[in-house]
Amino acid sequence: MNPGKGRRRLQALMLGLCWSVIQAQAEAEQGLSAKIALKRYVFTSSPADGVDDDGLPGTAQLGLDYQYLQSWDSLRLRLVVNPRYLASAKRDPRPDFYWDELFVLLEQDSRELKVGRIKEHWGVMETRQLVDVINTYDNLDGLQPEEKLSQKALKLGSSLGPGHLSLYLLDGFEPVQFYREPARFAAYQVQASAEYIHGADRDALDVAARYFVSLSELDIGLSYFKGTNRAPAFRAEGDSLVAQYTEVTQWGLDAIWVREQWLYKLEALDQRVSDSAYNSRKLSVGLEYAITRAWRDADLSLIGEYHRDQDQRLAPVSIFDRKFLLGARLELNDAHLSSLFLGYTAQASDLGNNMLSASLDLGLSDALRAGVSAVLVNSSSSDAVWDALASDSHLALELSYSF
């Protein structure tokens, strides 16, 4: 398939579906909301050598959420339009305006068609999701990024046997971004131009699939992806690094087994490249124990996870290899769904390399929310990656208002 022609066909289909929505004459439901969010970081230690501490990464964001709903008997249509405007430091490489999501969704019985800029979530673990490959992260907002970048895609879904099959055609991807100069959360200078090797192409059409089965106590997802790896490897060039993307073929497995108050979790990934020196195998296992009404109306979950990676010589560096997490989450079950999380992450081979994290998501009213998170990284100087992370211990404050 010619990637250029395929991409133009996908874009034409997106425009055609959007135009069909606009031309619909039947009665429909629609809604419009907006959200303003302010975020600021306070660092507790001096930056790593060579890092300019001028202009810390505080952000202000305005987002709109428009939804259009239409039904014809068993056929349902949804149009979602979520533009975002971001104001941040001058050296922030992110655009001021971007689409958080922009898609059309058609559903009938157990079948669906979604096309546009979408966000999908796969995976079950707390610390990382190995199989979550549709979207990327901008890698600029801390040690535990949460906001996905939208992916131009066509998705087809349908029931198949006891489960549900989803097929994806992905139009390029958003590569990982880095600050132009060494900065907080990115202590190493990475050149602006990335390398695409072993069949990788930023603008190629990639494919993915996932088959999901939900039984009485067991949920299983089996996923497949072939295309440009979403996580880059790096090679040194002088005093800087060059990001390298390869074409990969990968299989993923995620599963949850619920047994009374216990929840057992598993994720596994096998990733192959034409040059086997880039191959990776990764495994994550975890468990949770739920205590209902542990304190007044609040529910408590105790969490444990362990991660083991077997990466070949040139594979992307993972900060999760032989790491474990011990954590607790408290769902307050108040009127505004507030929650608290505490976590301890450490390197199994050297407990001196560890990270303490805490986050509070507090609903002050139906419209106003406040978030406070803290990350404290300790290093025993036995690992270069942990040494770099230790300089970025911080406190993050976030305030948002929806209207």
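Side-chain atoms are counted along with the backbone in the values below, which use heavy atoms only and exclude waters and symmetry mates.
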| task | Taking only Lys NZ, Arg NE, NH1 and NH2, and the carboxylate oxygens of Asp or Glu, determine whether Glu120 and Lys155 approach each other closer than 4.0 Å. | result | yes

| said: Would you compute the distance between atom NZ of Lys39 and atom OH of Tyr41 and round it to the nearest 0.5 angstrom? | reply: 3.5 Å

| task | Return yes if some donor-acceptor pair links the side-chain N/O of Arg329 with the main-chain N/O of Leu342 below 3.5 Å, else return no. | result | no

| query | In Å, rounded to the nearest 0.5 Å, how long is the span from CG of Asp275 to CD1 of Ile197? | reply | 7.5 Å

| What heavy-atom pair brings Ser74 and Gln108 nearest, and what distance separates the two atoms? | OG-NE2, 3.1 Å

| request: State whether a side-chain donor-acceptor pair under 3.5 Å links Thr228 with Arg202. | output: no

| Modelled atom types, side-chain donor and acceptor of Ser381 and Ser379, under 3.5 Å | no

| task | Answer yes when Asp65 and Lys35 have at least one side-chain N-carboxylate O distance shorter than 4.0 Å, and no when they do not. | result | no

| field | Exam field: side chain Gln261 to backbone Ala290, donor-acceptor pair closer than 3.5 Å | value | yes

| request: Could you tell me whether Arg369 and Asp361 make a salt bridge, using a distance below 4.0 angstrom between a side-chain N and a carboxylate O? | output: yes

| request: State whether a side-chain donor-acceptor pair under 3.5 Å links Lys226 with Thr249. | output: yes

| said: Tell me the closest heavy-atom pair linking Leu170 and Ala153, and the distance in Å. | reply: CD2-CB, 3.6 Å

| Are the side chains of Ser393 and Phe43 in touch, meaning some heavy atoms are under 4.5 Å apart? | no

| query | Is the Tyr196 to Tyr245 ring centre distance short of 6.0 Å? | reply | yes

| How about Leu105 and Phe103: do any of their side-chain heavy atoms sit closer than 4.5 Å? | yes

| Distance (rounded to the nearest 0.5 Å) between Leu140 CG and Ser88 OG | 8.5 Å

| request: Would you mind checking if Lys265 and Glu305 are paired as a salt bridge, meaning a charged N to carboxylate O distance below 4.0 Å? | output: yes

| message | Contact between Gln271 and Asn229 at the side-chain level, heavy atoms closer than 4.5 Å - yes or no? | response | yes

| query | Would you call Lys119-Asp100 a salt bridge at under 4.0 Å N-O? | reply | yes

| Has the side chain of Asp350 got a donor or acceptor atom that lies under 3.5 Å from a matching backbone atom of Gly352? | yes

| message | Keeping Asn378 on the side-chain end and Trp386 on the backbone end, is there a donor-acceptor pair under 3.5 Å? | response | no

| task | Could you tell me whether Asp203 and Lys152 have a side-chain N and a carboxylate O separated by less than 4.0 Å? | result | no

| Looking only at atom types and distance, does a side-chain atom of Ser365 sit under 3.5 Å from a main-chain N or O of Leu368, one as donor and one as acceptor? | yes

| request: Of all the heavy-atom pairs spanning His307 and Ser284, show the shortest one and how long it is. | output: ND1-OG, 2.7 Å

| message | To the nearest 0.5 Å, what is the distance between CD on Gln310 and OG on Ser280? | response | 10.0 Å

| note | Residues Leu300 and Ala294: closest non-hydrogen pair is CB-CB, 3.6 Å

| message | When you measure from the side chain of Asp109 to the backbone of Arg111, do you find a donor-acceptor pair of N or O atoms at a distance under 3.5 Å? | response | no

| Taking the side chain as C-beta and beyond, is there a heavy-atom pair between Tyr66 and Val80 under 4.5 Å? | no

| For the residue pair Tyr278 and His198, is the inter-centroid distance of their aromatic rings smaller than 6.0 Å? | yes

| said: Taking the ring centre of each residue, are Tyr211 and Trp251 less than 6.0 Å apart? | reply: no

| OH of Tyr68 to CG of Leu79: how many Å apart, nearest 0.5 Å? | 8.5 Å

| field | Ser373 versus Ser359, side-chain donor and acceptor atoms under 3.5 Å | value | no

| Do NZ/NE/NH1/NH2 and the carboxylate oxygens of Arg230 and Asp206 come within less than 4.0 Å? | yes

| task | Pick out which of Tyr168, Phe212, Phe225, Tyr224 makes a ring-ring contact (aromatic ring centres under 6.0 Å, His included) with Trp122. | result | Tyr168

| request: Decide yes or no for Leu325 and Glu126: does some side-chain heavy atom of the first lie under 4.5 Å from some side-chain heavy atom of the second? | output: yes

| Between His394 and Phe185, does the ring centroid distance fall short of 6.0 Å? | yes

| said: Applying salt bridge (Lys or Arg N to Asp or Glu O under 4.0 Å) to Asp334 and Arg296, what does each step give before you reach the verdict? | reply: CA-CA 10 Å; Asp334 59 351; Arg296 296 184 180 180; over 6 Å; no

| said: I'd like to know if Asp270 pairs up with Arg272 as an ion pair, taking the criterion as any Lys NZ or Arg NE/NH1/NH2 lying under 4.0 Å from an Asp or Glu carboxylate oxygen. | reply: yes

| query | With side chains defined as the heavy atoms from C-beta onward, is the minimum distance between Leu351 and Phe324 less than 4.5 Å? | reply | yes

| request: Indicate whether any N or O donor in one side chain lies under 3.5 Å from an N or O acceptor in the other, for Asp366 and His336. | output: yes

| query | Do the charged groups of Glu195 and Arg235 touch, with an N to O distance under 4.0 Å? | reply | yes

| said: Quick check against the 3.5 Å criterion: does Gln189 have a side-chain atom that pairs as donor or acceptor with the backbone of Tyr179? | reply: no

| Crowding at CD, Glu217 (>12 non-hydrogen neighbours, <6.0 Å) | yes

| query | Any chance the side chains of Asp299 and Asn333 put a donor and an acceptor closer than 3.5 Å? | reply | yes

| query | Is there side-chain contact between Phe320 and Ser318, with at least one heavy-atom pair below 4.5 Å? | reply | yes

| field | Exercise: do Glu101 and Ser150 side chains pair donor with acceptor under 3.5 Å | value | no

| message | Assess the residue pair Arg117 and Gln151 against the criterion (side chain to side chain donor-acceptor pair (under 3.5 Å)); give the C-alpha distance rounded to whole Å, side-chain angles, the decisive distance to 0.1 Å, and a yes or no. | response | CA-CA 5 Å; Arg117 287 188 169 272; Gln151 167 69 55; over 6 Å; no

| query | Between Ser338 and Leu332, is there a donor-acceptor pair closer than 3.5 Å when you use the side chain of the first and the backbone of the second? | reply | no

| request: Look up atom OG in Ser382 and atom CG in Asp387, then write down how far apart they are to the nearest 0.5 Å. | output: 7.5 Å

| message | Any non-hydrogen side-chain atom of Leu362 less than 4.5 Å from a side-chain atom of Leu364? | response | yes

| query | Would you find a donor on one side and an acceptor on the other, under 3.5 Å apart, between the side chain of Asn135 and the backbone of Lys148? | reply | no

| remark: Checking Met125, His121, Glu267 against Asp132 for side-chain contact (heavy atoms from CB on, under 4.5 Å), the one that qualifies is His121

| said: Working note: Leu395 + Leu397, criterion side chain to side chain contact (heavy atoms under 4.5 Å, CB included); need CA distance, chi angles, decisive distance, verdict. | reply: CA-CA 7 Å; Leu395 179 71; Leu397 309 173; 4.1 Å; yes

| task | Check the angle between the aromatic planes of Trp262 and Tyr264 and answer parallel, tilted or perpendicular using the 30° and 60° thresholds. | result | parallel

| query | Which pair of heavy atoms, one from Ala60 and one from Leu38, lies closest together, and at what distance? | reply | CB-CD2, 3.5 Å

| said: Between Arg281 and Asp311, does any NZ, NE, NH1 or NH2 come within less than 4.0 Å of an OD or OE carboxylate oxygen? | reply: no

| said: Pairing donors with acceptors under 3.5 angstrom, does anything connect the side chains of Gln191 and Ser240? | reply: yes

| said: As a test of understanding, state which of Asp309, Leu130, Leu266, Leu269 forms a side-chain contact (heavy atoms from CB on, under 4.5 Å) with Leu283. | reply: Leu266

| said: Within the 3.5 Å criterion, strictly below it, is a donor on Tyr85 or Gln61 matched to an acceptor on the partner's side chain? | reply: no

